[in-house]
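Only a predicted model underlies this, so the values are computations on that prediction, with no experimental measurement involved. By convention in this document, chain letters (A, B, ...) are assigned in the order of the sequence lines, proteins followed by strands, and residues within each chain are numbered from 1.
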There are 2 protein chains.
Amino acid sequence: MELSERKKKILRAVVESYIQTAEPVGSKALAELAGLKVSSATIRNDLADLTEQGYLEQPHTSAGRIPSPKGYRLYVNELMEEQRLSLEETKQINEALHLKMQELDKVIGQAGRMVSQLTNYPAFALAEGSRRLTIKRFDLILVDSASFIAVVMTDSSVVKNKLFRLPADLSEPQLQLLTTLLNTAFVGKTLDQLTPELMRVAEHAAGGSYGLISLVVSFAMEVLDALENSPVYTAGASHLLDHPEYQDVGKAQKLMSYLTEDRSLAQALALPALEGDDTKILIGPENVADELKDTSVVLASYDIGDGMKGVIGVVGPTRMDYAKVAAKLSYVADGLSKLFGQPELPPSAPEKEE
Amino acid sequence: MELSERKKKILRAVVESYIQTAEPVGSKALAELAGLKVSSATIRNDLADLTEQGYLEQPHTSAGRIPSPKGYRLYVNELMEEQRLSLEETKQINEALHLKMQELDKVIGQAGRMVSQLTNYPAFALAEGSRRLTIKRFDLILVDSASFIAVVMTDSSVVKNKLFRLPADLSEPQLQLLTTLLNTAFVGKTLDQLTPELMRVAEHAAGGSYGLISLVVSFAMEVLDALENSPVYTAGASHLLDHPEYQDVGKAQKLMSYLTEDRSLAQALALPALEGDDTKILIGPENVADELKDTSVVLASYDIGDGMKGVIGVVGPTRMDYAKVAAKLSYVADGLSKLFGQPELPPSAPEKEE
DNA sequence: GTTTAGCACTCACGCTCCCTGAGTGCTAAA
DNA sequence: TTTAGCACTCAGGGAGCGTGAGTGCTAAAC
């Protein structure tokens, strides 16, 4: 059954007032607040209906109403107005987006911290590849006769390196040979194609070179593994305590440790975002994880390029300023997409063309 | 004035009981608890003396005594017995110490997380170089005609790389030239010796190569800067809420945001450790930062090698199990020192000598 | 001089009781 | 269908009170 216009107006007013004050809203307050020209008694009747239909809840008989998850859902779907960010807000975000382009994981972590700061809620960030990665090329750099640097580059254009120190001597030609071998045998293989047998064969071809092949390939595997299973970064957990719903230390404690410790589980919470494209809002019981049953999550995803997607999100009480948070989040996500889209030649030093 | 044996025993009993229970300790409880063969009345007299001398405090007239910072200090200096870790505990730590050798900053962050988990207090970790770093060598790897990888290695043997994409063509000989130039002009220079003039000169020598020199050197400077001013990693802030002294959300909130946000200030808190060698304990007002006035900090430092030192520490209420925490911390620090001391050939793959 | 027993005193904590006021649901009139 | 009126409910806050742990002091015992 479709709600009447007035009831929608009332529901919306309840939600917005409750978001602001965290106090149950009464009929009298609503009569004055919303542009309704009816008396509090009328509103009371409507409130009773809305409560019966499950959109509102009553903490106790003699208190006002608060929105139920169902109420929030309706609000988010139909009643909420897209929040436009103020000039100041966009400026603030734009400034924050001027992050130094560093290694991918650092940037992701920074994005999380930024979002947390912008919204005053705990935030998390993660990246996920939609496909299996492979190594595109290997390079070995001789440092001195007892050490060399291995540089590997994935097909997603991430480059990682590691310094190896050896117990024995090493020469340039040897290294050349190894490089060639690596580049023939191990390029273009996904993580589980890099089998021990493959290594043994290559090792054999290399002759007696102290298992260097395995050493470098193990490193490459670590790199692939780290990229494919990159962790979830969380930031600003302490912001939880800003909000009255977490004055109860026990509650705060539970949620907080879920957010900061349980990294593997935290991943579950972002999966929904990887399907759709734009901003997603998950309200209370809509979350799969039990720990988030009275918590809401707002998610936005962005494009990293090379088949990778990033997700940033914010966690907070169901009484959350969805409009504002969603607006900020999607603005940030857009910004990040653009950032990753542009070529690597950084804006920091293009003016060197004298 | 030196305290009598009995008074010391009493003080110690008060501290240890309070550390366990977080409840003020009364004379009767003490009479039974400590191996003192005197009555509660006698103890009351001693307690009164200890209170007068500032070692103990009384929350209110009809409550027992709790240790003052001065009392904790005496306890830590003279009365505390070195805690020996149980077999299980050392085993647990040893297992945790098997961290994958990754990039330095990752390892440091992990160490912090580990310590927090071991002690159930928030922990932080940082690294600090005692000297100015320089770049030891540059390598450029041509990927294709429009991109190359720059690899820089510092004199502390840290290697970093970055992929550059270019708007224009590039050839192997060009790159060779650039490499030589970089290795002659910019090696061995500290951050502030890498002046714009130096770059301009080198740029000139390189001819028209799109400011590539500056690009790479800027990257090198970023690397040096990041290493010299590496951030403070904090972990497990939510553990604060485990302890009754932070049931007051306001307090917890304050300290927590100090720990997690205010990274620059958090550095101040670790400086003391960089002077001495072994474990350091800072009790309440001994801390410089105002936010830590009723908080204690336990610090341990370890050797990273190449002139770098690491510090790990733990933050908690003054009622902290100093003996245990200090023992764990110094055990971990020792472990880390050893870990960094050993050659890079990792223990993970030495068995490849078929 | 030190230790002990005894005793009066203090005061946080938890309990109940009570009042207040916001907010409700219902009824009857407009 | 809306409104005014009214009785009812109930959380929250304050006052008052009893309890008990713990104290300081005094006077006797060692």
Side-chain angles (χ1 to χ4, degrees), chain A residues 1-11 13-15 17-18 20-68 71 244-245 247-248, chain B residues 1-11 13-15 17-18 20-68 71 244-245 247-248:
Chain A
M1 172 193 118
E2 185 64 20
L3 293 176
S4 75
E5 266 319 299
R6 195 179 60 208
K7 280 185 187 162
K8 283 188 185 171
K9 238 182 185 164
I10 291 178
L11 177 55
V14 171
V15 172
S17 162
Y18 187 64
Q20 280 217 342
T21 65
E23 300 278 317
V25 194
S27 55
K28 204 171 155 196
L30 284 169
E32 289 161 11
L33 204 106
L36 302 165
K37 286 187 217 87
V38 293
S39 77
S40 65
T42 313
I43 293 180
R44 272 206 292 286
N45 289 330
D46 287 355
L47 284 177
D49 289 355
L50 285 168
T51 307
E52 201 174 345
Q53 288 167 74
Y55 294 109
L56 296 178
E57 285 169 358
Q58 229 174 343
H60 56 266
T61 344
S62 75
R65 303 303 209 285
I66 63 174
S68 70
E245 21 274 293
Q247 287 308 91
D248 174 8
Chain B
M1 172 194 121
E2 186 63 20
L3 293 176
S4 76
E5 267 318 299
R6 195 179 60 208
K7 281 185 186 161
K8 283 188 186 172
K9 240 182 184 164
I10 293 178
L11 177 56
V14 172
V15 172
S17 161
Y18 187 65
Q20 280 219 341
T21 64
E23 300 278 317
V25 194
S27 54
K28 205 172 157 196
L30 284 169
E32 289 161 11
L33 203 108
L36 300 166
K37 287 186 216 88
V38 292
S39 78
S40 64
T42 313
I43 293 180
R44 273 207 292 284
N45 289 328
D46 287 356
L47 284 179
D49 289 354
L50 286 168
T51 308
E52 201 174 344
Q53 288 167 74
Y55 295 108
L56 297 177
E57 285 169 359
Q58 228 173 343
H60 57 266
T61 343
S62 74
R65 304 302 210 285
I66 63 174
S68 71
E245 20 275 291
Q247 287 308 92
D248 174 9

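Computed from coordinates, the A:D46 CG to C:dT24 P distance equals 12 Å when rounded to whole Å. At whole-Å resolution of the value, CG in B:D49 and P in C:dT3 are 11 Å apart. B:I10 has its CD1 atom 11 Å from the P atom of D:dT23, to the nearest Å. Between the C1' atom of C:dT2 and the CZ atom of B:R6 lies a distance of 8 Å, rounded to the nearest Å. One atom, CG of A:L56, and another, P of C:dG23, lie 15 Å apart when rounded to the nearest Å. Put simply, OH on A:Y18 is 14 Å from P on C:dG23, counting in whole angstrom units. One can place CD of A:Q58 at 11 Å from P of C:dG23, the figure rounded to the nearest angstrom. For B:E52 and D:dT23, the CD to C1' distance is 15 Å, given to the nearest whole Å.
Using a 4.5 Å heavy-atom cutoff, the side chains of A:T51 and A:R65 are in contact. Between A:L47 and A:L30 the shortest side-chain heavy-atom distance falls below 4.5 Å. Between A:V25 and A:I66, the closest side-chain pair of non-hydrogen atoms is not below 4.5 Å. Contact check for B:D46 versus B:R6: side-chain heavy atoms found under the 4.5 Å cut-off. Using a 4.5 Å heavy-atom threshold, the side chains of A:K7 and A:D49 count as touching.
The pairing partner recorded for D:dC8 is C:dG23, the criterion being a Watson-Crick or G-U wobble arrangement whose two distances lie under 3.5 angstrom. If you check D:dT19 for Watson-Crick or wobble pairing at under 3.5 angstrom, you find it paired to C:dA12. Both distances falling under 3.5 Å, in either a Watson-Crick or a G-U wobble arrangement, place C:dA30 opposite D:dT1.
The local environment of CD in B:Q247 is crowded, with over 12 non-hydrogen atoms from other residues, nucleotides or ligands closer than 6.0 Å. Residue A:K28 qualifies as open at atom NZ: its count of foreign heavy atoms under 6.0 Å is 12 or below.
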- Task: Heavy atoms under 4.0 Å is the rule here; annotate nucleotides 3-21 of chain D 5' to 3' with B where the base is hit, S where only the sugar-phosphate is, and - elsewhere.
- Result: BBB---BBS---------B
